[in-house]
Amino acid sequence: MSFFTLSIGRLLRQSVTVAILMMSCLSFILPVSVAKAADAPAIAAAANIKFALDDIASQFKQQTGLSVRISYGSSGNFVTQIQHGAPFEMMLSADEFYIEQLQKSGYTQDAGVIYAIGRLALAAPKQSELILDPGLVGLAQFITDGKLIRFAIANPDHAPYGERAREILTNKGLWDEVQPKLILGENASQAAQFTISGSTQGGIVPLSLALAPQFTKLANYVIIPDDLYQPLYQRMALMPNASETTERFYQYLQSPQAQTILSEFGFNLPHTTEMHD
C-alpha cells in the first residue's frame with residue numbers, strides 16, 4: 001500500500017503565516033520532556049484528547065494540589081514505547097485494542113476502563129472550496145470534479161482515528177480515490193494541523209479537536225454520523241509502576257466532573273457500569 005506523503009517542512013513552506021499561527025495556538029504534540037515538576041508522574045495519552053485532558057488535569061491540580069505530566073501522541077506508538085521501557089505510569093488510548101494489547105503482554109495492572117467514546121468530523125480550511133456535509137456527498141462531488149489535491153487523516157497503521165477515517169471513506173466508496181491524495185499525520189493532532197494549515201483541502205479529524213476554538217478560527221467542520229464507523233471505545237489503564245498520584249488521577253477521570261468536560265469536547269460517555277468494570 002502506498003500513500004502520497006509530504007514532509008512537514010514542505011507543508012510549512014507552503015503556508016508559513018498559517019503554520020506559525022497554528023503552531024503557536026495548537027501545540028498539539030508534547031514530548032515527555034515538558035515536565036514542569038520532576039516528581040510529576042508521566043502519563044501517555046492519545047492526541048485526540050489533548051484539550052479535554054488538559055482541562056481535566058488543570059482541574060485535578062486545583063482540587064488536589066497534584067500534578068501529572070502528559071505526553072500526547074498516537075496510541076500505537078505509545079504501545080511500542082511502553083514495551084521498550086518508557087516510564088509511563090498510565091495510558092489513555094484512543095481505542096481499547098491497544099490497552100488490550102498491553103494487558104496481554106503484562107504491561108498494565110488490569111484491563112482498565114472505557115473513559116470516553118470518540119467521534120469524528122469532516123473538516124476543511126475556511127478558504128477551501130470543499131462543501132462539508134455529514135454524508136460526504138460534497139467530498140464525493142469534489143473528487144468527481146477533479147478538484148481534490150490533498151486530504152489529511154491520521155496514519156491508519158497506528159492511529160485509531162486514522163483507522164476509522166479509512167473505514168468511513170471505504171464505507172462511502174471513496175477510499176480508492178482519496179488514497180493517492182492523502183497526507184498522513186503521525187497522530188490525530190498532526191492530521192488536524194494539516195487540515196487547518198491551508199496545505200490540504202480538508203481532512204477527517206477527531207471531533208474533540210475540531211470543537212476547540214484554536215481549530216474553529218481556521219476551519220469549518222461537520223460531525224460524521226456515528227453509524228459510518230465502528231465505535232471508538234477509548235480505554236485507559238494503569239501500569240504496574242503507577243504511583244498514588246497516578247492512581248488518584250485515574251479515579252478522577254471517572255468522576256462526574258471529568259466526564260462533564262469530556263462531554264463538552266464532543267465525546268460520547270460510557271455507561272456507568274463500563275466505568276467500573
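Note: hydrogens, waters and symmetry copies are ignored here, and every other heavy atom, side chains too, is used.
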What's the shortest heavy-atom distance between [X] and [Y], and which atoms?
X    : Y    : answer
H158 : P160 : O-CD, 3.8 Å
A52  : I261 : O-CG2, 3.6 Å
K50  : Y72  : CA-CE2, 3.3 Å
I196 : A219 : CG2-CB, 3.6 Å
N187 : S189 : OD1-N, 3.0 Å
A45  : I49  : CB-CG2, 4.1 Å

My understanding is that only residues two or more places apart in sequence, or in another chain, count here; which of them pass side chain to side chain contact (heavy atoms under 4.5 Å, CB included) with [X]?
X    : value
A57  : V68, I70, F249
K147 : E129, F142, D145
Q109 : L238, A242, E247
Q257 : Q59, Q63, Y252, S255

Inter-residue atom distance [X].[atom1] - [Y].[atom2], 0.5 Å rounding:
X    : Y    : atom1 : atom2 : result
Q81  : M91  : CD    : CE    : 9.5 Å
L53  : L262 : CG    : CG    : 8.0 Å
F60  : L253 : CZ    : CG    : 8.5 Å
I117 : L232 : CD1   : CG    : 9.5 Å
I168 : I224 : CD1   : CD1   : 4.0 Å
D95  : I114 : CG    : CD1   : 9.5 Å

Keeping [X] on the side-chain end and [Y] on the backbone end, is there a donor-acceptor pair under 3.5 Å?
X    : Y    : answer
T144 : A140 : yes
T108 : L102 : no
S58  : D54  : no
S128 : Q201 : yes
E167 : Q230 : yes
R69  : D39  : no

Can you label the angle between the F51 ring and the F265 ring as parallel, tilted or perpendicular, going by 30° and 60°?
parallel

[X] versus [Y]: any side-chain heavy-atom pair under 4.5 Å?
X    : Y    : answer
V79  : Y107 : no
P270 : Q259 : yes
V205 : Y161 : no
Q254 : Q251 : yes
M236 : V113 : yes

Does [X] belong to the same Ile/Leu/Val/Met/Phe/Trp/Tyr cluster as [Y], with side-chain heavy atoms less than 4.5 Å apart forming each link?
X    : Y    : result
L207 : L122 : no
L184 : L209 : yes
Y229 : Y221 : no
L211 : I56  : no

Please name all residues satisfying side chain to side chain donor-acceptor pair (under 3.5 Å) with [X], sequence neighbours left out, ordered by chain then number.
X    : value
S208 : none
N220 : K126
E163 : Y98
S93  : S75

Taking salt bridge (Lys or Arg N to Asp or Glu O under 4.0 Å) as the cut-off, I'd like each qualifying pair that reaches into residues 104-125, sequence neighbours left out, listed once.
R119-D226

Quick note, salt bridge (Lys or Arg N to Asp or Glu O under 4.0 Å) partners involving residues 188-205, not counting sequence neighbours, are none

Let me see the working for Q234 and N48 under side-chain contact (heavy atoms from CB on, under 4.5 Å), right down to the final yes or no.
CA-CA 10 Å; Q234 302 203 188; N48 74 287; 2.9 Å; yes

Dump the intermediate steps for side-chain contact (heavy atoms from CB on, under 4.5 Å) on N77 and E186, then the final yes or no.
CA-CA 9 Å; N77 284 343; E186 182 65 15; 2.7 Å; yes

Are side-chain N/O atoms of S243 and T246 paired as donor and acceptor at under 3.5 Å?
yes

After noting the C-alpha distance and the side-chain angles of L228 and L120, does the key distance pass the side-chain contact (heavy atoms from CB on, under 4.5 Å) rule?
CA-CA 10 Å; L228 286 181; L120 291 103; over 6 Å; no

I99 vs Y233, test: side-chain contact (heavy atoms from CB on, under 4.5 Å). Steps then yes/no.
CA-CA 11 Å; I99 295 297; Y233 293 120; over 6 Å; no

Test salt bridge (Lys or Arg N to Asp or Glu O under 4.0 Å) applied to E96 - qualifying residues, sequence neighbours left out:
R235

Can you name the salt bridge (Lys or Arg N to Asp or Glu O under 4.0 Å) partners of D133, sequence neighbours left out?
none

Could you check L130, L136, V178 and say which one makes a side chain to side chain contact (heavy atoms under 4.5 Å, CB included) with I143?
V178

